[in-house]
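Working notes for the structure below.
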Number of protein chains: 2
Amino acid sequence: MEHDHIATEAAAAAATAEPATTETATRARTRRAILDAAVTVLSANHGASLADVAEAAGVGRTTVHRYFAERSDLVAALGADVRERLHEATVRARVEEGPAPKALERLCLEYFELGDRLMLLFDVPQFLSWAGFDEETGSDRVLVRLIERGQSEGTVDAEADAEWLQNVLWSLLYAAWMQARDYGTPRHTALSSCLHTLRKAMAAS
Amino acid sequence: MEHDHIATEAAAAAATAEPATTETATRARTRRAILDAAVTVLSANHGASLADVAEAAGVGRTTVHRYFAERSDLVAALGADVRERLHEATVRARVEEGPAPKALERLCLEYFELGDRLMLLFDVPQFLSWAGFDEETGSDRVLVRLIERGQSEGTVDAEADAEWLQNVLWSLLYAAWMQARDYGTPRHTALSSCLHTLRKAMAAS
DNA sequence: GGAAAATGGAACATGGATGTTCCATAACGG
DNA sequence: CCGTTATGGAACATCCATGTTCCATTTTCC
């Protein structure tokens, strides 16, 4: 009963990012702690148990279930959170301004800052292929349109398919983050390597 | 007792690829069917159950356990199999011959043909970081050395770190295979996009 | 300081994947 | 063609993640 109520309220808050009735500051902080821990733990190991997430969040396993009734609820909230960050990053990059190659670099830089969340986007296809995502923020469409604009301007390789170049950007980002996380390469080094290669790959031929 | 014997024999055969006592042709075929099914099923879904693998192989779940006592045994055999294919592909590419960029393209082409096995290499880091792999075949080292050769020749971008370029190649391969598998892009189209971008990314600046 | 909110932990129920054993049957091969 | 080999399936035990309930304790906040 009361659990159902709490769970529903939590799901609603996570989905719409709007405290339905009025979410206490305490609860908001706990929720964030759980979501952040989930990003770290699940990006490192997809099959991690909720107990692992709870431990990483410095919280009891029971508490996790209080906020997210089922595992799928946590995953859904995680997806919403990641998509929101992705949208914010896209806005910060001001993709409409200036020459396309520069805009692509700004976008790449902002996305790189998403850190572990980047891995989740890549590893959990469900997050990007979520029904209604294109309609909501359209971050993906933004990228394709930016590339197409560059191709029209003559500043981006027009021989390559725009969707392919989009995947290239994602792949290079993923590679750079992996390099930083698993090989111990300093983040700024990995990022500048990534940007260097991205420039060459995108350049008009 | 007898099961232990069978299991041990199977593990030895899988590890050394040499029928210890004398593996029947029937058993060899069944083993291959299971390994091939495992590649398909596990590359699509890491958490798939052994029952799924058995079904895909057209074999009883019991039979799977007869060949691979534990899940970890199957995974280990899978790793050995994939590494072997990777080695063969590397040999076919004749990386020592001709200019480095051409050799890189040959290598990329051969690796692309590994298909789903490619995804496993990428998704299960355990396979490539396996202790003793570098000593055994050294496929990874081969790639780095090839890139370094190109950098010496002046035919490959010397501003980028060789290990980074190695990761770029893997990432582009992964992206191309994903594009073919999930987006329905014809394989040859995805491959030529991949090679096109690879050429530009590797080119000396 | 004290009521309300939030948490932690124990205990329990459940389901799915694993791994094992046994036996009847089918396929193989000399 | 017949003995050996290989297989399928049922039944069973076990483990682990999940999800739920209850209660004592701590924390927050008025």
Side-chain angles (χ1 to χ4, degrees), chain A residues 1-11 13-14 19-38 41-42 44-78, chain B residues 1-11 13-14 19-38 41-42 44-78:
Chain A
M1 307 294 183
E2 53 189 0
H3 289 94
D4 283 349
H5 177 238
I6 291 175
T8 304
E9 179 183 70
T21 55
T22 34
E23 179 157 87
T24 313
T26 307
R27 285 186 68 83
R29 268 185 292 112
T30 302
R31 177 183 306 281
R32 274 254 59 82
I34 295 175
L35 282 176
D36 288 343
V41 172
L42 293 182
N45 171 17
H46 303 215
S49 74
L50 294 188
D52 295 333
V53 174
E55 187 184 356
V59 139
R61 192 172 69 94
T62 312
T63 301
V64 172
H65 278 87
R66 258 190 210 103
Y67 285 78
F68 307 98
E70 298 184 7
R71 180 184 246 270
S72 61
D73 293 326
L74 174 58
V75 173
L78 213 51
Chain B
M1 307 299 182
E2 52 188 1
H3 289 92
D4 284 348
H5 177 240
I6 291 174
T8 305
E9 178 184 69
T21 54
T22 33
E23 180 157 88
T24 313
T26 309
R27 286 186 67 86
R29 267 185 291 111
T30 304
R31 176 184 306 281
R32 273 255 59 82
I34 295 175
L35 283 176
D36 289 344
V41 171
L42 293 182
N45 170 18
H46 303 214
S49 73
L50 294 188
D52 296 333
V53 174
E55 187 185 355
V59 140
R61 193 173 68 91
T62 312
T63 301
V64 172
H65 278 92
R66 257 190 212 104
Y67 285 79
F68 307 98
E70 299 186 7
R71 179 184 246 270
S72 61
D73 293 328
L74 174 58
V75 173
L78 213 50

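In what follows, every chain begins at residue 1, and chains take the letters A, B, ... in the order their sequences are listed.
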**OP:** Spell out protein contact along nucleotides 8-18 of chain C as letters: B when the base is contacted, S when just the sugar-phosphate is, - when no protein heavy atom is under 4.0 Å; keep the 5' to 3' order.
**Re:** BBBB-----SB

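Smallest separation of non-hydrogen atoms from Arg66(A) and Arg27(A): O-NH2, 4.5 Å. Minimum interatomic distance between Arg71(B) and His46(B) (heavy atoms only, all atoms of both residues): NH1-O, 4.2 Å. Between Ile34(B) and Val64(B), the shortest heavy-atom distance links the atoms CD1-CA, 4.0 Å.
Each end of the helix from dG1(C)-dC30(D) to dG30(C)-dC1(D) gets its own axis from five base pairs, and the two axes differ in direction by 40°, given to 10 degrees.
Legend: residues meeting side chain to side chain contact (heavy atoms under 4.5 Å, CB included) with Leu78(B), ordered by chain and number and at least two apart, are Leu35(B), Ala38(B), Val39(B), Leu42(B), Leu120(B), Phe127(B). By the side chain to side chain donor-acceptor pair (under 3.5 Å) test, Arg32(A) is found to be paired with Asp36(A), Asp81(A), residues two or more places apart in sequence or in another chain being considered. Remark: Ala56(B) engages Ala37(B), Val41(B) in a side chain to side chain contact (heavy atoms under 4.5 Å, CB included) (not counting sequence neighbours). Here Glu70(A) pairs with Ser72(A), Asp73(A) under the side chain to side chain contact (heavy atoms under 4.5 Å, CB included) rule; sequence neighbours left out. In terms of the side chain to side chain contact (heavy atoms under 4.5 Å, CB included) criterion, residue partners of Ser49(A) (sequence neighbours excluded) are, by chain and number, Ala51(A), Asp52(A).
Close to dA6(C), at under 4.0 Å from its OP1 or OP2, lies no side-chain N or O of Tyr67(A).
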Strictly under 3.5 Å: I want the nitrogen or oxygen pairs between protein and nucleotides 28-30 of chain D, one per line.
unit_1, atom_1, unit_2, atom_2, d
dT28(D), O3', Thr26(A), OG1, 3.4

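In this entry the distance linking NE2 of His46(A) with C1' of dA17(D) reads 18 Å, nearest Å. Here the P atom of nucleotide dA17(D) and the CD atom of Glu55(A) are 12 Å apart, to the nearest Å. dA4(C) atom P lies 17 Å from atom CZ of Arg27(A), rounded to whole Å.
Rounding to the nearest 0.5 Å gives a distance of 12.5 Å between OG1 of Thr63(A) and CZ of Arg31(A).
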